Amino acid sequence: MGQGRARNEPLELALYSRDAGVQSGAASAVCFPRSADDVASAVRAATRHGIPYVARGSGTGLAGGATPLDDALVIVTTQMNRVIAIDTHDQLAMVEPGVLNLDLSRHTRPLGFHYAPDPSSQQACTIGGNVGTNAGGPHCLASGVTSAHVLEIEVVLPTGEIARLGSLAPDTPGYDLRGAFVGSEGTMGICTQVAVRLMPNPPEVRTLLLDFMSVEAAGATVSGLIAAGIVPAALEMMDAEITRAVEDFVGAGYPRDAAAVLLCEIDGLAGGVAYQVDAVRRIGYEHGARNVRVAANEAERQLLWKGRKSAFGAIARIAPDYYLHDAVVPRTKLVGVLESIYAIAREQQLTMMNVFHAGDGNLHPLIVFDGREPGVWDRVHAAGSQILRTCIDAGGVLSGEHGVGMEKRDLMPLQFSNDDLAAQGRLIDAFDPDGLANPRKVLPSGWRCGELNQRSAPVPEGTWI
Amino acid sequence: MDLTFERIAVPIIETLRGDDARVVAHGSGTHAATANPVEFGCEEIRVPSGIVRHDPADMTVTVLAGTTCRELADVLGEHGQEVPLDPADDRATIGGVLACGLSGTRRLRLGPVRDAVLEVRVVDGNATLIKGGGPVVKNVTGYDIPRLMVGSFGTLGVIVQATLRCRPKAPSQRWYRTERDPFAVRQAMFKPTSILWNGHETSVLIEGFEQDCDDEAARGNLTEAAGNGSAWIFDARSRSHRGRISVRPTDVRATMSRLAMDSSVHCVAEVGVGTIHVSSDDVEALVRARAAAVAESGWLLRESGGPLGFDGFGDGVANSGLAGRVKSAFDPHGKLAPGRMPL
């Protein structure tokens, strides 16, 4: 790697010691590769010296997936940010991992296409990071999360080899190693190039705001829409607290007195869109909507979405700290689980807000607090743990789009048996025999070969176990 | 009969505990000739059929692997839902379709079969019952074992149960035929469900609300209604030698030109996808078809027939070193479907 692209100044090490999650780690060095060969050199050098390494894009992840443990080498891919090719005939784009999610759609939209996964952090997060976490977003309801959009990836495997997983042809001879890699949070290697599927821009888009006097009515509307065979492009719910917070912050035109609002987007061809907009309005009123508003123009539509996407900015005005959760429950259990979540908040005397992807049952309970208050972190952690257990008990899963990282690693046994975890351990050993690729993430300790031989650094402060 | 996946797994686990066990999961046998034949003397394992749970409002369904696609379609159809697996023969079992990883002809719009799988329960070669994925429509918890199982031809585990994502059946479904250039038709349309091209004429499937279908037909300048175009592919099952070519979508035209030089080969391309279904009564045809695919940087999977010694995959599997290690992780002693994949 060229001069100046590997560094170990204290300021830089501190900067790269964590992602957007709550836990910090410690890096021994940071490097900024510009090519797959650079990444391979870094991986090989780290392996030679027995040093763990972790790949990182913009560091917007919330689960500690990119937080370096055990004085790892941080391999930052943000300088690999070229859009290599856009092919409108095959409807795909080849990009380097450091390309920002939103920049990709900015490139392709004028050509009639866009990249569908749109995490809330899409202005800052990278495609490489999206591949690592199998990122989602509001518009994944109709079109699927990252894995459904990744055709082929060039990766540096932990063995130092450069391999291509998947292909631009529809099927690849052998196992779906591409599928295994997407969402592996840097533990199976580092992606250095990605071919993603592009979707045609919908000719017609309509955004509706439905407001309700109860969370139950909003939840029943979600079920009603699904039951009627309507799959909106996006279907987001916000409860009373967050609706008010957002309205005070950006003035998106949300009703400040609503118990819950649904933001529903329908896209596609004009005739079908008109039909579905009518259906959403009817089903909303049937299930107790107080008002259903269709954005009259693009400016109004953008404003409605600005409200949803500013949710996390808005809460900064309420309290200095927040803890955002991510879990999925069956869509039919949404209302019951929300009631349990509010009960947990009352019990722990915490402010809880909910802004989430209702259409696919992906909850994002948001605990808002002041970390300086003595003992508050204990209550925040206790509430978080109770929320996740409630979701699992309702037949749900630990993470819908943020990943496991460090945050939920030790909760994995809630969802998986020892046999399940052992199988996952053997799979990751097949990719990473030396155990140096982002170690001690995803799986709790005890499920990988040779783990005892690794350095067992103390768990960093603030880790939620 | 009360059949839970745990109970079904018991005899499978027992069998796989044997040091010399060699097993192959067998469904309806509709895909039994796909890829390579298993070694002689493998014990056949049959998993029962049954819909374990269908939650219409959650749009998920859990089935035992021996359930046929027809049974599943009937149950979901009562609620206006479907899982678009679309095998050429709907007696195929869910376990078989997933293990072979063969996507249906509506892939252009509805995606590959691997994207329909939410959770799997499998018995691996270590004789343990394992779960991968989760029963909800969105999940990134843990490693993606369901996707690894899809297309693994039973070499990583015997699939016992799967949870699949359902979708509402389109209110309207229309086939059209056209002699226009299929690639131009594709570019003109928004989201066609399927564009099948046999080298002479094209069949286009449009699905959606009535109004969507009108709009799509107008975009594609489609006026002539037609019967089910998938029949071209389904009918090919009467020919003994069949294969599936996979090339980059943009290389479909060139591959079809090469295939057209062999008059004994029938071919149907999925335009926009890159799959070309080939069939012939001539035993050597698959050899020539594979050469055509390879010349365009693609490959051919044998679905049935071909000359003696004809390999199911051609040039082995991609990333064979890593694939071999993954195989060892799930089946260290090679008990599962030995011979089926070149590993």
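A note on names: the letters A, B, ... follow the listed sequences, proteins ahead of strands, and every chain is numbered from 1. What you see is a predicted model, and the numbers here were worked out from it, not measured in a lab.
For the 3.5 Å distance criterion, the side chains of A:D326 and A:S399 qualify, holding a donor opposite an acceptor. Using modelled atom types, one finds no donor on one side chain facing an acceptor on the other under 3.5 Å when comparing A:D360 with A:N362. Side-chain contact, B:E210 with B:S172: a donor N or O sits under 3.5 Å from an acceptor N or O.
Heavy-atom distances place the side chain of A:L92, and not its backbone, under 4.5 Å from chain B. Residue contact with chain B, scored on non-hydrogen atoms closer than 4.5 Å, is absent for A:V222. B:L301 does not touch chain A: none of its heavy atoms, backbone or side chain, sits under 4.5 Å away. Only the side chain of B:F313 comes within contact range of chain A, judged by heavy atoms closer than 4.5 Å. Contacts between A:L151 and chain B at a heavy-atom distance below 4.5 Å are absent for every atom of the residue. With a threshold of 4.5 angstrom between heavy atoms, A:R164 approaches chain B through N, CA, C or O but not through any side-chain atom. B:F330 touches chain A through its side chain: at least one heavy atom from C-beta onward sits under 4.5 Å away, while N, CA, C and O do not. At a 4.5 Å heavy-atom cutoff, B:L102 makes no contact with chain A through either its backbone or its side chain. Contacts of B:V136 with chain A are made by side-chain atoms alone, with heavy-atom separations under 4.5 Å and no backbone atom involved. Residue B:M341 touches chain A through its side chain alone, counting heavy-atom pairs closer than 4.5 Å. Residue A:A227 does not touch chain B at all, counting heavy-atom pairs closer than 4.5 Å.
Ring centers of B:H79 and B:H54: under 6.0 Å apart, within the cut-off. In summary, the aromatic rings of A:H325 and A:H402 are positioned with their centroids too far apart to meet the 6.0 Å limit.
With hydrogens and angles disregarded, a donor-acceptor distance shorter than 3.5 Å links the side chain of B:K327 to the backbone of B:T155. Formation of a donor-acceptor pair under 3.5 Å by the B:N139 side chain with backbone atoms of A:G400 is not found in this model.
The contact list for residues 138-145 of chain A toward chain B, using heavy atoms and a distance under 4.5 Å, reads A:V145 by residue number.
Interface summary for chain A: among B:T60, B:D144, B:V137, the most heavy-atom pairs under 4.5 angstrom belong to B:V137.
With B:D115 as reference, B:R147 is the one residue of B:R147, B:R109, B:R167 to meet the salt bridge (Lys or Arg N to Asp or Glu O under 4.0 Å) rule.
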